[in-house]
Amino acid sequence: MTPVRIGLLGLGTVGGGTLELLARNGDEIARRAGRPLQVTHAAVRNPDRPRGAHAAHVERLTDPFELVHHPDIDIVAELIGGLEPARELVLAAIGAGKHVVTANKALIAHHGNEIFDAARRAGVAVGFEAAVAGGIPIIKTLREGLAGNRIDGLAGIINGTANYILTQMRDAGLDFATALADAQRLGYAEADPSFDIDGVDAAHKLAILASIAFGMPLCFDQVQVHGIRNLSAVDVDYAGQLGYRLKLLGIARRSPAGVQLRVHPTLLPQRHLLAQVDGVINAVLVDSDALGQSLYYGAGAGAGPTASAVVADLVDIARALTIDPEHRVPYLAFHHDHLQALPVLPDDAVESAFYLRLTALDQPGVLADVTRILGDLGISIEAILQKEPAPGASHVAVILLTHTVRERALRDAIARIEALPSIDGSVVSLHLDHLEH
Ligand code: HSE
């Protein structure tokens, strides 16, 4: 059987992992795909750097544009990351009639609509399983496994670095900066770690998941994003005392009014399965009408897991090469003509429960003032925890958990509470979610 010929853009961690996996499981992969998959070319910056035995038969090119136009390549795998030149290279590959596989979440989140339009016109496939949650086949699950369901929402731990940091803050009592330094030392963080800790990487992945779940064009710019940079160790600790764990969640939910797309630190009940996902592991919880809740768990990064997703896409494309493009699995799960630009709800229209931490003067009547403000705005309290004042201190920490409330009402309440003379500084607020169907 003639092999499917693959050109790799980049031969770093993921490219090397892909080569290794194709070599190790080559026979089984060929039996699955119906044809062998062979990496014939790789574009690399430094062609002389040793790349291991699996790269021995791969022709190295220094010009990536030569690779994307190469007549002897069927599929281009973009594994360099970043927006440019990745976008230009992917569009050039599509223009040259190549199928594309990419692990690039930022690229799909920002330019997916343009890339899928170009690919549809050219009749080529674009696989991006590796862009979300590394090796977990969540794109395939949403696009194919759950194709009979109406998907109502999903919530995911989709940034391993942030999850590692939060786990270390909780288990080892580290502060944020020390936990981040650890994550960087272990090589977990993105080249620009602000993408991990400010929630941008999770927002890229959430935008992709939401489009596939709800059949809407990609709208990364409308995701509300709050990262973990300003989280205090005390809030991780108080959350634990109240029976909750803090996780950076990406949440997509739809209602008749529109779609919520949010990334923020969230308190989850300790016993919830997602609250048990620790370290660099990723997990996505999906709410769908026929199946109910289902949970997908696994490694969200690393050479092997990411290569697992890249190779799965390569096999899919090899299998589909003979199928008329109109009948292949659609890029965003729904046929192009049936995507709907659903309204994305603004911040203040979102409903959520909240954790509030205030620093209050330790004197009679202060809590009454606070609860009156909440009551006047229709905000109901689920739990209150007041800490002992430190010896000699005049102020105490008060933690309140609210029932579900409109975010706008909560912001009003916070402004009024902060204006009380008995309250010191700002009120810390964090989302709280039971993730019930
Ligand atoms: N920096 C990402 C993470 C890598 O921490 O999850 C995988 O996208």
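Counting convention: from 1, in listed order, for ligands and their atoms alike.
Ligand 1 lies nowhere less than 4.0 angstrom from a heavy atom belonging to Gly134.
Using a 4.0 Å cut-off between heavy atoms, Asp201 contacts ligand 1 through its side chain alone, with no backbone atom that close. Residue contacts with ligand 1 for Val280 are absent, since no atom lies close enough (heavy atoms, distance under 4.0 Å).
Atoms of ligand 1 lying under 4.0 Å from any heavy atom of Gly300, numbered from 1 in the order shown and given with element: 7 (C). Atoms of ligand 1 lying under 4.0 Å from at least one heavy atom of Lys205, given by number and element, are 2 (C), 6 (O), 7 (C), 8 (O). Listed by number with element, the atoms of ligand 1 under 4.0 Å from a non-hydrogen atom of Asp196 are 1 (N), 2 (C), 3 (C), 5 (O).
Remark: Arg170 is not positioned above the aromatic ring of Tyr244, lacking an NZ or CZ atom under 6.0 angstrom from the ring centre and at most 45 degrees off the axis.
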Could you check Lys105 against Asp201 for salt bridge (charged side-chain N to carboxylate O under 4.0 Å, His left out), going step by step and ending with a plain yes or no? CA-CA 8 Å; Lys105 54 240 160 157; Asp201 178 76; 3.0 Å; yes
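Annotation: His403, atom NE2; neighbour count of heavy atoms from other residues, nucleotides and ligands within 6.0 Å is above 12. At most 12 heavy atoms of other shown residues, nucleotides or ligands fall within 6.0 angstrom of atom CZ in Arg31. Counting non-hydrogen atoms of other residues, nucleotides and ligands closer than 6.0 Å to CG of Asp27 gives a total of 12 or fewer.
For atom 6 (O) of ligand 1, the closest heavy atom belonging to the protein is Gly160 N, 2.8 Å. Protein heavy atom nearest atom 5 (O) of ligand 1, with residue, atom name and distance: Thr161 OG1, 2.6 Å. Lys105 NZ, 2.5 Å is the protein heavy atom nearest to atom 8 (O) of ligand 1. Of the protein's non-hydrogen atoms, the one nearest atom 1 (N) of ligand 1 is Glu190 OE2, 2.5 Å.
The shortest N or O to N or O distance between Ala301 and ligand 1 is not under 3.5 Å. In terms of N/O distances under 3.5 Å, ligand 1 is not approached by Asn282.
In this structure, Asp235 pairs ionically with Arg357, as a charged nitrogen and a carboxylate oxygen lie closer than 4.0 Å.
Asp324 and His327 form a side-chain donor-acceptor contact under 3.5 Å, judged by distance and modelled atom types alone.
Residues His226 and His431 place their aromatic rings such that the two centres sit no closer than 6.0 Å.
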